[in-house]
Amino acid sequence: MIVRKSRGELEAMREGGKITAACHKLIAENIRPGVTTKELDALAEEFIRSKGGTPEFLGYPGQPGAPDFKGSICASPNAMIVHGIPGPYRLEEGDIISIDIGTRFEGFVTDSAWTHPVGEVSDEAKALLDVTERCLYAATEEMRVGKRFGDVGWAIQSTAEAEGYGVVRDLVSHEVGREMHGTQLPNYGEPNTGVRLKAGMTFAIEPMITLGGYEIDLDEKDLWSIYTADRSLAAHFEHTIAVTENGPWVITADESGAVRVGERESA
């Protein structure tokens with residue numbers, strides 16, 4: 001069952017979303033060649049706790065046999081799609097790095113990811129980041145009362161595949177709220193199929209797009225990091241979005257007015 005939130009609960013989630021968004025801004029300001037993903041992780045943890053939140057990913061249980069997650073953020077460079085454990089990896093000129101941040105605040109989780117260029121990157125990397133971000137906002141446009149899961153997935157799939165990119169299928173968008181993961185929402189699909197969206201539903205919409213195919217490969221050593229099977233570059237953009245009677249509300253938008261669809265007053 002998908003849990004629908006009251007207006008008050010959405011307002012509470014928005015407060016957590018502001019922390020997540022501000023943390024992304026801080027991390028973006030510190031991404032440069034030479035910095036390690038562990039250093040970025042430390043910045044994020046200190047910031048989230050200073051705002052009264054808790055890093056949701058730290059200690060998150062893994063699959064059977066895997067240790068609990070050891071970072072406050074996921075930091076996934078280049079062909080790593082998601083779930084990168086922060087550590088000694090030092091960013092290099094030309095890398096791309098996906099930063100995924102989850103914050104628990106006043107009992108609710110907000111979840112957001114962004115892929116950044118490190119210094120000057122290739123034209124193909126720039127294009128990958130651009131199309132992946134456009135996939136996110138195409139999906140956001142579909143997060144409206146009466147729309148269905150298939151409409152959201154198709155918005156992502158059609159945007160990416162029209163330009164020859166791969167849509168990761170074994171990793172999905174998902175319900176988020178008092179728990180980190182709820183009902184799964186695929187990043188592909190057929191229009192007018194699947195679960196119908198209702199006011200008060202909240203999802204972390206997160207297209208993961210590749211320069212190559214959609215097959216994935218789990219790191220058998222850490223049992224967390226997930227790569228593209230063909231080792232092509234991957235990008236990951238994500239927002240926590242609420243479905244409201246007045247349109248989508250981007251819970252994890254920043255304070256600068258970057259709410260691309262819907263506004264605070266529309267909830």
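Note that this is a predicted model, so its numbers are computed, not measured.
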### Query
Angle class for the F149/F203 ring planes (parallel below 30°, perpendicular above 60°, tilted otherwise)?
perpendicular

### Task
Return the orientation label for the W224 and H83 ring planes: parallel under 30°, perpendicular over 60°, tilted otherwise.
perpendicular

[X], [atom1] atom: more than 12 neighbouring heavy atoms under 6.0 Å:
X	atom1	result
E179	CD	no
Y214	OH	no
E220	CD	no
E190	CD	no

Would you say the side chain of [Y] lies within less than 4.5 Å of the side chain of [X], judging by non-hydrogen atoms?
X	Y	answer
K51	K18	no
I209	I156	yes
V152	L197	yes
I31	I99	yes
E215	D230	no
P86	F69	yes
R134	D130	yes

same_hphob_cluster([X], [Y]) at 4.5 Å side-chain heavy-atom cutoff:
X	Y	answer
I241	V195	yes
M201	V145	yes
V167	L185	yes

### Task
Could you walk me through whether Y165 and L211 pass the side chain to side chain contact (heavy atoms under 4.5 Å, CB included) test, one step at a time?
CA-CA 5 Å; Y165 295 91; L211 281 178; 3.4 Å; yes

### Task
Please test I27 against L43 for side chain to side chain contact (heavy atoms under 4.5 Å, CB included), starting from the C-alpha separation and ending with a verdict.
CA-CA 7 Å; I27 295 302; L43 282 174; 4.1 Å; yes

### Query
Going by atom types alone, do N246 and T244 pair a side-chain donor with an acceptor below 3.5 Å?
no

### Query
Any side-chain donor-acceptor pair under 3.5 Å between D95 and Y89?
yes

### Query
Taking the six-membered ring for Trp, are the ring centroids of F237 and W114 within less than 6.0 Å of each other?
yes

### Query
Would R144 and D151 pass as an ion pair if we require N to O under 4.0 Å?
no

### Task
Only one of E45, R49, E46 passes side-chain hydrogen bond (donor to acceptor under 3.5 Å, both in side chains) with S72; say which it is.
E45

### Query
Under the criterion side-chain contact (heavy atoms from CB on, under 4.5 Å), which of V109, T110, T54 is the partner of T103?
T110

### Query
If you look at every heavy atom in E238 and S112, which pair is closest and at what distance?
O-OG, 2.9 Å

### Message
I need the minimum non-hydrogen distance between A125 and L233, along with the two atoms involved.
### Response
CB-CD1, 4.0 Å

